[in-house]
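Residue numbers run from 1 in the order of the sequence given.
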Amino acid sequence: MSRPVARRAKQVPLRTHWIVLTMLLVCLSTMLLLNGYTNHMFGTAPDGAVQPVGGSGTVPPQIVKGGPVIDAGDGTPRSVAPHARTIAITFDDGPDPVWTPKILDVLRAQGVHATFFVVGTAVAKHPDLARRIVAEGHQIAVHTFTHANLSTAAPWRRSLELKQSQLILAGATGVTTTLIRPPYSSEPSALTDLDWKALRQVRDAGYLAVLTSQDSEDWRRPGTDQVIANSMPRSTAGQVLLMHDAGGDRSETVEALNKLLPRLKARGFRFATVSEAVGLPDPTHKAGLLDRGRGLAVIWVMRISDWVLSVIGWLLYAAGALSVLRAIATVVAARRHARMRGWIYGPPVTEPVSVIVPAYNESAGIEAAIRSLVASDHPLEVIVVDDGSTDGTADIVEALRIPGVRVIRQENAGKPVALNTGLKAARCELIVMVDGDTVFEPDAIRKLIQPFGHPAVGAVSGNAKVGNRGGLIGRWQHIEYVIGFNLDRRLFDLAECMPTVPGAVGAFRRTALERIGGLSDVTLAEDTDLTMALCRDGWRVVYEESAVAWTEAPASMGALWRQRYRWCYGTLQAMWKHRGAMVQRGRAGKFGRRGLTYLMLFQVLLPLLAPVVDVFAIYGLIFLNPVRVLGVWAGFVLLQLVMGFYAFRLDGERPGPLWTLPLQQFVYRQLMYLVVIQSVFTALAGTRLRWQRMERYGSLQAPVVR
């Protein structure tokens, strides 16, 4: 493989790209963690549905027998109950966009003030309702940030729940409060040791705990009449009545309130907020400017996290749709292409062929490549263009003294220049271009040139296979060549929009090459650039799967990265260079609207969406149903396996390597989409990428027998 001249070696450091990508990944992860915590880490069971567990030996007796408003301070714990004939109606779990407004309407119509214990995440989603609660004279208090069970939560989470709920309240309403109702609490007599430990930490944070003395049990949805019955006092003692304005269908609560409030008034009960009912100073205070600002920031970050998750959801659907669409399109095309096997393009092509082998430091494999070519069953000449090698590549070829093999030496000028040099020296009309790390089957060249029996064919792509398949990296590339590259080429052949004749095995009409001015050196993917230029010039480019050549694939992750980075970046360059084909007519238009669109969707956009799939999978395993997430992943792998078995059967390959396909999803796939991301960053930044020459191992021998 030749390398570019010094003027193309300019390269701007690319670390900035990874810094930006890392920052984006950190921000995305933070947003998802926040969204997962606020939406999927809290208890969804109704307050009364969770029964207290454990002993109660540490709970002071005066608290157990006392009132529902508790000061659990370090001194003598105290509690207080509402005044006689006074009812403090409390609503938990809101605000809710459907039921809270209806409850507020009932309270306003009856002239009653209540206390709303709000959940921070709900306030963040509906701050206007929280402001309405305050504006209409009701008391607003804390019901934690995510409806967490403080009794079983770790101390750090209790602290987080209290601080965040208070900040959100300040940001949404401009006020703070010292009242809190722990989720899943009930009457003081039901307190356990765990509950008391949590109440002590709550008091240390400056809060008074408000439990209940009467439960409407509206969370059970027992019917309107039963809700009313549960809410009626049994005596003239004051009560803290528990009801809910969120957490499900609260139509029974609304209907019950309409009937309950007049009945209680008729029996001489008055209504008050919690602090008024027990004779405490107003616990609501105006929030400071700093707390309001921090609260607003938290609210906006939560909204952005919700928006990010929505976008990820849509991108996930897009990625899934593209994956399924590509699978269907390639398999259907492959079936149709298989039925065309044995298609006759015209009379047999028997004329001799010029084979051009551009070589730069190919000493490891050049002998095997040349011997495989001269073992061909078709007449040919071989032209090795040594592009300034420093490892004796040209000397090795000359020492072989094989008739029909010529060596041309030139100063290092790059692979496109070396190919153009070989083109000028070639004697034949049909040209085969071969990389110095590739060996051919004996019948490959004869089969490769048969499509030239049709005068419209300007180039033919052969079937490149990975020769060094040992180890996971080799197997994964073998799978990619068979499932990805060769299935795609069948589709491109049918759609008449072939974007690439691989440098490892491709044949061309000399007339077609000369008409487009030979090979260009303005991109790093000279084979893709050349193929696209031929398509735009009106030539048909086809795929001949029976023409098999074996190529040496990278044997390390570093070498693989450099190779694919160059391929991807060069393809992007070629796509941009030939974007005008999108509006052309005839074969050029087919290539533009079909080929370029396919490349953009499935080789650029889909890999860019791939990280979204992985990030969401991790999110789902942590916060959602892991069984469902694993099921989706298994379905995706199954789809790949089905495609793999079919593609391997078409290519006459044994399916054994497909057992590594699930493992490929964890390393190889990530490497490939990182290559695309890096290439896109490089292209957008306008950076000129230096040629990355692949290390040669000399692992292939000629002849190769399958």
Side-chain donor or acceptor of [X] paired with backbone N/O of [Y] under 3.5 Å:
| X | Y | value |
| --- | --- | --- |
| Ser372 | Val439 | no |
| Trp539 | Ala456 | no |
| Gln678 | Val675 | no |
| Arg427 | Ser354 | no |
| Gln477 | Pro554 | yes |
| Arg469 | Val466 | yes |
| Gln410 | Asp387 | no |
| Arg593 | Met582 | yes |

Scan the side chains in residues 491-508 for donor-acceptor partners under 3.5 Å anywhere in the protein, sequence neighbours excluded, and list what turns up.
{"unit_1": "Asp493", "atom_1": "OD2", "unit_2": "His337", "atom_2": "NE2", "d": "2.9"}
{"unit_1": "Asp493", "atom_1": "OD2", "unit_2": "Tyr543", "atom_2": "N", "d": "3.2"}
{"unit_1": "Glu496", "atom_1": "OE1", "unit_2": "Lys590", "atom_2": "NZ", "d": "3.4"}
{"unit_1": "Thr500", "atom_1": "OG1", "unit_2": "Thr528", "atom_2": "OG1", "d": "2.9"}

Please enumerate all residues that pass ring pair (Phe, Tyr, Trp, His ring centres under 6.0 Å) together with Tyr646, with sequence neighbours excluded. none
Would you say the side chains of [X] and [Y] form a donor-acceptor pair under 3.5 Å?
| X | Y | answer |
| --- | --- | --- |
| His378 | Asp443 | no |
| Glu544 | Asn463 | no |
| Glu441 | Trp550 | yes |
| Asp651 | Tyr481 | no |

Spatial distance of atom [atom1] ([X]) from atom [atom2] ([Y]) [nearest 0.5 Å]:
| X | Y | atom1 | atom2 | result |
| --- | --- | --- | --- | --- |
| Leu419 | Lys424 | CG | NZ | 12.5 Å |
| Met532 | Ser520 | CE | OG | 13.0 Å |
| Thr330 | Asn486 | OG1 | CG | 12.0 Å |
| Ile516 | Leu530 | CD1 | CG | 4.5 Å |
| Leu519 | Glu526 | CG | CD | 7.0 Å |
| Leu596 | Leu601 | CG | CG | 11.0 Å |

Salt bridge (charged side-chain N to carboxylate O under 4.0 Å, His left out): which pairs involve [range], sequence neighbours left out?
| range | value |
| --- | --- |
| residues 656-672 | Asp614-Arg669 |
| residues 594-606 | none |
| residues 475-486 | Glu480-Arg564 |

Determine, for Asp435 against Lys415, whether the closest basic-nitrogen to carboxylate-oxygen distance falls under 4.0 angstrom. yes
Test: Glu653 and Lys465 ion pair at under 4.0 Å: yes
Does Val353 form a side-chain contact (heavy atoms from CB on, under 4.5 Å) with Val355? I'd like the steps, not just the answer. CA-CA 6 Å; Val353 173; Val355 181; 4.3 Å; yes
Taking the ring of Phe648 and the ring of His478, is the distance between their centroids below 6.0 Å? yes
Can we call the ring centroids of Tyr569 and Trp561 under 6.0 Å apart? no
Tell me, yes or no, whether the heavy-atom count around Arg335 atom CZ, taken from other residues, nucleotides or ligands under 6.0 Å, exceeds 12. no
Heavy-atom count check: over 12 atoms from other residues, nucleotides or ligands less than 6.0 Å from Arg409 CZ? yes
Test Glu552 against Thr438 for side-chain contact (heavy atoms from CB on, under 4.5 Å), laying out the working first. CA-CA 6 Å; Glu552 190 175 58; Thr438 304; over 6 Å; no
Would you please name every residue forming a salt bridge (Lys or Arg N to Asp or Glu O under 4.0 Å) with Arg510, sequence neighbours left out? Glu514
Please identify which of these residues, Leu560, Leu661, Leu663, Ile479, meets the side chain to side chain contact (heavy atoms under 4.5 Å, CB included) condition with Tyr668. Leu560
Side chain proximity check, Phe440 to Ser376, heavy atoms < 4.5 angstrom: no
Evaluate side-chain contact (heavy atoms from CB on, under 4.5 Å) for Leu639 paired with Val637, printing each intermediate quantity in order. CA-CA 5 Å; Leu639 177 65; Val637 173; over 6 Å; no
